[in-house]
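All values reported here derive from a predicted model rather than from experimental measurement. All values below come from the heavy atoms of this structure, side chains included, with hydrogens, waters and symmetry mates left out.
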Amino acid sequence: MIRRCVFIMTDSMVAFVSCASREEAGEIAEVLVQERLAACVNVVAGVESCYRWDGKVNWDSEYLLVIKTTVGALDRTRQRVLEVHSYDLPEFVAFKIDAGSEPYLNWIKDSVD
């Protein structure tokens with residue numbers, strides 16, 4: 001059965017955060033879900049990051065968090081990530097979800113305070 005992806009007005013967001021280790025990624029994911037700042041956090045392994053820091057180019061293996069939250073919880077989510085993250089300047093970028101499965105988007109809204 002094919003389920004339709006419908007365009008609905010939503011306040012759902014997806015945010016990306018990179019982490020240095022699986023342990024840190026798991027800790028942040030659990031904190032966000034436990035505190036109802038995120039409905040779900042995917043931990044993606046095997047991310048290779050190339051970036052400029054302190055004037056030089058670096059390569060690191062990282063874990064990427066894909067955080068599903070809401071517009072209303074985004075600032076609190078960002079603040080919580082900054083509190084528990086080990087990096088001096090953690091990545092935190094977020095995008096509005098414009099369309100998706102209505103039941104899934106409703107689940108995000110219902111799961112986040």
Any chance you could lay out the side-chain contact (heavy atoms from CB on, under 4.5 Å) test for Val14 and Val66, step after step, and finish with the verdict?
-> CA-CA 7 Å; Val14 64; Val66 181; 3.5 Å; yes
Roughly how far, to the nearest 0.5 Å, is [atom2] of [Y] from [atom1] of [X]?
X	Y	atom1	atom2	answer
Glu23	Tyr63	CD	OH	7.0 Å
Trp53	Tyr87	CH2	OH	11.0 Å
Asp113	Arg76	CG	CZ	7.0 Å
Ile67	Phe16	CD1	CZ	9.5 Å
Arg36	Thr69	CZ	OG1	11.0 Å
Asn106	Thr10	CG	OG1	8.0 Å

Might you work through the side-chain contact (heavy atoms from CB on, under 4.5 Å) test for Ile28 and Val41, ending with a clear yes or no?
-> CA-CA 9 Å; Ile28 293 171; Val41 179; over 6 Å; no
Any donor-acceptor N/O pair, [X] side chain to [Y] backbone, under 3.5 Å:
X	Y	result
Glu91	Ser18	yes
Asp60	Asn58	no
His85	Arg80	no
Glu24	Ala20	yes

Where [X] and [Y] come nearest, the two heavy atoms and their spacing:
X	Y	value
Val43	Ala25	CG1-CB, 3.8 Å
Thr70	Met13	C-CG, 3.7 Å
Cys40	Trp107	CB-CH2, 3.7 Å
Val112	Ala38	CG2-C, 3.8 Å
Pro90	Leu82	CG-CD2, 3.7 Å

Tell me whether [X] shares a hydrophobic cluster with [Y], the cluster being built from Ile, Leu, Val, Met, Phe, Trp, Tyr side chains joined at under 4.5 Å.
X	Y	value
Ile97	Tyr104	yes
Val81	Val71	yes
Phe92	Val31	no
Val93	Ile108	yes
Phe95	Leu64	yes

Verify the neighbour count for atom CD of Glu35: are there more than 12 heavy atoms of other residues, nucleotides or ligands below 6.0 Å?
-> yes
Would you check, one step at a time, whether the test side-chain contact (heavy atoms from CB on, under 4.5 Å) holds for Glu48 with Ser61?
-> CA-CA 5 Å; Glu48 294 293 321; Ser61 294; 2.7 Å; yes
Applying side-chain contact (heavy atoms from CB on, under 4.5 Å), run through Glu62 and Cys19 and close with a yes or a no.
-> CA-CA 6 Å; Glu62 295 183 297; Cys19 300; over 6 Å; no
